[in-house]
Amino acid sequence: MQIEGLKVKDYIKTEGTGDQLLAVGTSGIKDDNKANNNNKELRALSVDNAFYDNKGKMTDEEFVKDMNEASALGMSTVNAVKNVERTWDEEATAKTREDGHDPMDMEPETLVTVVDEIKMNLAKAGADISKMGGLSKAEIEAMSGSISQAVEMTNGLGDTLPVEAQAYLVKNELEPTITNIYNATYSAPANPVAEETEEDIIGLLEKLGDKLDSLIEEIESEQSESAQRPMSPAELKEMVATMMKQDVPVTKEHLEYMAQLSEYEKPEEANIVNAISDIIAEGKEPQDAYLIPGYSLMDQAKKTFEEVMGMDVNQLPTITAQRQLTEIQLTMTVEATFTMMKNGISVNTNDLSDLLDKLKLQETNLLQILMKAENKEATNSNVNLFKEVMNNMAEIQSAPAAVFGRFSNIGMETFSYVHQVSVSVTAEYSRMEMTYEAVGTEVRADLGDNINKAFRNVDDILDDLNIEVSEASQKAVRVLAYNEMEITAESVTSMKASTELAARTFKSMTPAVVAEMIKRGNNPLDMTMNELKETAENIKAETGSTSDEEGFARFLWKAQHSGDITEEERDAFVGVYRLLHQVEKSDGAAIGALISQGTEVTLRNLMTAVRSSKHTGRDYEINDKFGSLDEMVVKDLSITEQIEKVFLTNRCRDAKEAMTPAKMHQVGQEEILDMNPDEFATAMEQTTSEAEAQAEVQYNEYITSQLKQAMSSSANVENILEQFNIPNSANMISAVQALMQDSNTVIKDLYGRAAKQQDMDIQDLIDLAYQRFSDACHTPEEMAEAEEALGTLAENVMKKMIEMEDVRTIDMDSMKLVVQQSKAIREMANSGETYHIPIMVADEAGNMNLRIVRGSGESGLIKMALYLQSTGTISTTFRYEAGEVKANVECESAQTREMFATQAPMIANTMQQETGFSFSFSFTRVEGVSVTDVYNWQLGNFQVEEKRDNEIQTEALYGIARGYIKVMSEMFM
């Protein structure tokens, strides 16, 4: 509403404002960036203002310059990498790892999506997610650039806003952002000229009469919920008078905004931090953070969420609407609502059907990103299958444990059939109003006493059956009793194995594993439980935060960073980890041997059995090269003993996943060795330790710091990632960064460790690899296969490190980087015909970089670069044009240049014999030549042709490269 018709000195203005503007709190005040674009006012800042705390921290000119530079950075379109770098925290790392993802191996878009999905699931479970993704004070203090400037600017603001600043914001229609409030505080006229007296203003108000009363009445009835307190009509009239004095046009919207600004109190630092985090999530500059609630999309999302959650389903007129609201309240989260708003999707709480459709679409969009397979988009069928599998698994785990008694051999039943029976048994118990212990949970507290009373003789039964009392055997007896089945040694052992099979399967089926399973073309619904368990465990061992190598690295890190654990304990605990790993990899052969001998299956006896197996040669087949147990021949096990062997083997896996150095320290080294795998697993699953909780937090902080450090990489790395189509994950960023710094390290580390493991000389290993590349240098496909062999070697070396003595965290981190480098190298080979060839010169391991660039017709470029301490950098560029080749050899040292020059006849002769082409060589010394020029090759006007189907061109270019590899061999090897 607007008051019109008064022309007295324009105290009440009528032009340019309509009647239907949105209310303050829902972005009704337009931000035309006047303050951001008008730096003349900034240049007039006083050195006495609070921003500088009178300590000369920054001059006016420096601050203005930094502000201008910050604006030039384009921070209003913050990309996903920067978003992760700024807002990711250890809690996000923890939740991501719990779902089976490795945050270091995920692209920024997926990282953000995973956290959104995790938040959605946590919110459904009633968890507090308010702190996830926020910026701590320490993090902000450690930052530079526009974020720290935004925080610093708030330090210069007063606790309230002067009237002149309020008027400045309203008159210029500026939102209450950090920048705008700061500019208003220091740029607004301090003493506006007011020719009219108080009597003039009072007279004007009286002349407004009913129109002013109507305006105030409307505002009074619609005062924003975000206001600290409602204003009375008298206060509103006084506010109008103030606006008139400050030459502010009086409109409904201006009066509402002025009233809101008059209530402004500077937010506490924690709220400022949250506001900055919220605005960054919108993709805007930190300085655009709102200092008044209700303006940010996150605030609006929270308000909408609260509105929906406050709706009473019983007050809706139809069953359909009631069902829709119920489903919305189970699905809707603040984060999902925020994401929709951020993407420009309207969220209308008056149309429940439309809102439900949008929420479902939002969830599907999140899952599509998670289900994306390499270069392929996720299909709707895959997304729907993922949701169905996860929902079915949740229903099975919440079913009564008695369901196990409905299968004669659960391992042979399909997952979908197990789900079907579970739903049926759940319905059966519900009809009879029976409480129960569920498949996937520990005994509920409200059932504990009842179960103890109902099954008070379980231990006696187990004693009579000569079965050791354990939680697993007790649960097996209860399941048999639920189903009124005969309790014998065989049935208890069999039921114990069935419950463990289901537990292992579902424990392995993290969201990351299920997604990967579906990406590989498997349909979990049609798989038997045995197939599902094996597939899930294999994927889990290979990928993500739950892989064998990642698990061992995490265990080592915690062992080395705990001050309570002695070096002797550390070695013993790592030994137990390796023992369980060997038993697991041998499918429990050592367990079977002990059972067949009638020996108690304790960890101490298992350790003795595995150690003795290296020397007897009677019952075990050992790969002495790597010191690992490959196969153990066990004879004459009964069916019951075979089932027990499988059960204990599975419990070894459970123990390995649950064990931590802190928990083991608490239980005690000697006590652990006297336990069997089931007892040890139970002890690790049930032991709680403050030291372990702290160690887990510290480990997540360590991973988070690695991730953020990688995400702050240079533009050069990002260009290479894009150029070679390499995933933009933290691991790949770190790998490419390391390749650019020293591409020789990957060869030294990889072949050095491989030589040690295989008891070979590194020279022999590298010579074999060099020859393999020389033989493969005919086509891109053959070279890619050679690079694949290098990657396979790296992965195998990494796997064997779990079994090697004296491996520490630094070794695992170094080898993890080598594995990631080998993956980056494979991507470069596949997408950019860029290869890394191992070479050995004068006892020095090195890496020869080769890149082939195709031109139109019979033309092309080849660059080969090598750096060794003994030679310096050697970079050779070949230009091929229809049978003629011009070559330029650039050498970092004069000595190397002279060596090439004296060998010119040999080089030209070898190249001509290999290719049949005529060559012209030039040899120059160039300071600053770098092997990384292969990655950032400036091609000038050369016309690149990506097609690889030109056989003549391929033969020519790879022939030139093959000939030069031979030249290098004859010169240096």
Side-chain angles (χ1 to χ4, degrees), residues 409-412 462 465-470 472-473 476 488-505 508 529-531 533-534 537-538 541 548 575-624 626-659 672-682 684 802-803:
N409 185 352
I410 193 173
M412 299 304 294
L462 292 171
L465 296 174
N466 198 27
I467 295 177
E468 186 173 355
V469 175
S470 66
S473 56
T488 65
E490 291 77 11
S491 65
V492 170
T493 302
S494 179
M495 186 57 66
K496 189 169 61 172
S498 293
T499 56
E500 173 61 18
L501 169 66
R504 278 298 315 163
T505 302
S508 298
M529 293 294 286
N530 283 334
E531 293 170 340
K533 171 182 171 293
E534 182 179 1
E537 288 189 334
N538 287 340
D548 283 347
V576 172
Y577 189 100
R578 288 197 176 101
L579 168 67
L580 295 178
H581 178 76
Q582 289 181 313
V583 172
E584 178 188 348
K585 290 303 178 184
S586 68
D587 288 330
I591 293 175
L594 292 178
I595 292 176
S596 68
Q597 296 166 10
T599 304
E600 189 177 5
V601 186
T602 63
L603 296 187
R604 192 188 305 276
N605 289 341
L606 277 174
M607 196 169 288
T608 301
V610 171
R611 284 174 178 170
S612 64
S613 70
K614 297 179 182 179
H615 307 291
T616 62
R618 190 186 320 172
D619 294 327
Y620 311 106
E621 183 181 327
I622 300 299
N623 183 333
D624 290 322
F626 293 98
S628 63
L629 177 61
D630 285 341
E631 182 181 353
M632 180 181 290
V633 180
V634 180
K635 301 177 181 178
D636 302 324
L637 287 182
S638 67
I639 297 297
T640 302
E641 288 173 333
Q642 291 179 36
I643 294 173
E644 182 68 10
K645 171 199 162 188
V646 171
F647 170 76
L648 290 176
T649 302
N650 283 332
R651 291 301 277 162
C652 281
R653 297 186 178 101
D654 292 334
K656 193 178 77 169
E657 292 172 5
M659 64 191 288
I672 288 171
L673 293 177
D674 290 334
M675 295 177 177
N676 67 32
D678 181 36
E679 292 170 333
F680 179 50
T682 301
M684 293 297 97
I802 302 179
E803 301 161 13

Please name all residues satisfying salt bridge (charged side-chain N to carboxylate O under 4.0 Å, His left out) with R504, sequence neighbours left out, ordered by chain then number.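 Partners of R504 by the salt bridge (charged side-chain N to carboxylate O under 4.0 Å, His left out) criterion, ordered by chain and then number, come out as E537, D654, E657.
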K496: partners by salt bridge (charged side-chain N to carboxylate O under 4.0 Å, His left out), with sequence neighbours left out: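 Checked K496 against salt bridge (charged side-chain N to carboxylate O under 4.0 Å, His left out); matches are E644.
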Pair D548-K656, side chain to side chain contact (heavy atoms under 4.5 Å, CB included): steps then yes or no: CA-CA 10 Å; D548 283 347; K656 193 178 77 169; 3.5 Å; yes
Are the side chain of S586 and the backbone N or O of Q582 linked by a donor-acceptor pair below 3.5 Å?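 Yes: the side chain of S586 pairs with the backbone of Q582.
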Where the side chain of S473 meets the backbone of V469, is there a donor-acceptor pair that is under 3.5 Å apart?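 A pair under 3.5 Å: no.
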Which atom pair, heavy atoms only, marks the closest approach of [X] to [Y]?
X: L501; Y: G411; value: CD2-CA, 3.5 Å
X: T505; Y: M529; value: OG1-O, 4.0 Å
X: V492; Y: L462; value: CG1-CD2, 4.2 Å
X: M675; Y: F680; value: SD-CA, 3.7 Å
X: M684; Y: A658; value: CB-CB, 3.8 Å
X: L580; Y: C652; value: CD2-SG, 3.8 Å

If you apply the rule side chain to side chain contact (heavy atoms under 4.5 Å, CB included), what do you find for I591 with L606, and how did you get there? CA-CA 7 Å; I591 293 175; L606 277 174; 3.7 Å; yes
Rounded distance (nearest 0.5 Å) linking atom [atom1] of [X] with atom [atom2] of [Y]:
X: E641; Y: L594; atom1: CD; atom2: CG; result: 12.0 Å
X: N538; Y: K533; atom1: CG; atom2: NZ; result: 9.0 Å
X: I643; Y: S498; atom1: CD1; atom2: OG; result: 8.0 Å
X: K585; Y: T649; atom1: NZ; atom2: OG1; result: 13.0 Å

So, are R653 and D587 salt-bridged, with charged N and O less than 4.0 Å apart?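 Result for this pair is yes, salt bridge flagged.
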Any [X] side-chain heavy atom under 4.5 Å of [Y] side chain:
X: T602; Y: D674; answer: no
X: M412; Y: N530; answer: yes
X: I410; Y: T499; answer: no

Full working for side chain to side chain contact (heavy atoms under 4.5 Å, CB included) between T682 and E679: CA-CA 5 Å; T682 301; E679 292 170 333; 5.8 Å; no
Say whether N605 and T599, considering side chains only, have a donor N or O and an acceptor N or O under 3.5 Å apart. no
Step-by-step side chain to side chain contact (heavy atoms under 4.5 Å, CB included) determination, D678 to F647: CA-CA 8 Å; D678 181 36; F647 170 76; 3.8 Å; yes
Mind checking side-chain contact (heavy atoms from CB on, under 4.5 Å) for V646 and listing every partner two or more places apart, or none if nothing turns up?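 Per chain and number, V646 pairs via side-chain contact (heavy atoms from CB on, under 4.5 Å) with N650.
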